[in-house]
Amino acid sequence: MKPIILSLSASLLALGVTIAPFALAQPDSAAPLVEGKDRPILLQRMVVTATPLP
């Protein structure tokens, strides 16, 4: 039982260290606007999450 708990806590610690820089990142500046024909275009990065297909 003790090795399972140690392994799980080590895995969670490694995951937290890996994800921490992404959680603490701040946006550099506001997204720029480009004038389009009909309306302005917002140039910004999008975050997309993927889910497995059934």
Side-chain angles (χ1 to χ4, degrees):
M1 189 67 145
K2 188 176 180 181
I4 294 171
I5 293 172
L6 289 174
S7 175
L8 184 61
S9 62
S11 297
L12 291 175
L13 179 64
L15 181 66
V17 168
T18 304
I19 294 178
F22 296 107
L24 299 175
Q26 297 293 325
D28 294 335
S29 62
L33 284 174
V34 175
E35 292 297 326
K37 286 185 179 180
D38 303 357
R39 56 194 154 187
I41 301 169
L42 178 65
L43 301 177
Q44 185 176 353
R45 287 189 229 168
M46 294 174 54
V47 177
V48 178
T49 57
T51 56
L53 296 173

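No hydrogens, no waters, no symmetry mates; every other heavy atom, side chains included, goes into these values. Keep in mind that this is a model prediction, so the values were computed, not measured.
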- Item | N/O donor-acceptor pair under 3.5 Å between S7 side chain and P3 backbone |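 No: the side chain of S7 does not pair with the backbone of P3.
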- Rounded to the nearest 0.5 Å, what's the gap from CG on L8 to CG on L13? Could you check?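 Going from the CG atom of L8 to the CG atom of L13 covers 11.5 Å.
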- Query: CD1 of I4 to OG of S9: how many Å apart, nearest 0.5 Å?
  - Reply: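 Rounded to the nearest 0.5 Å, the CD1-OG separation comes out at 12.0 Å.
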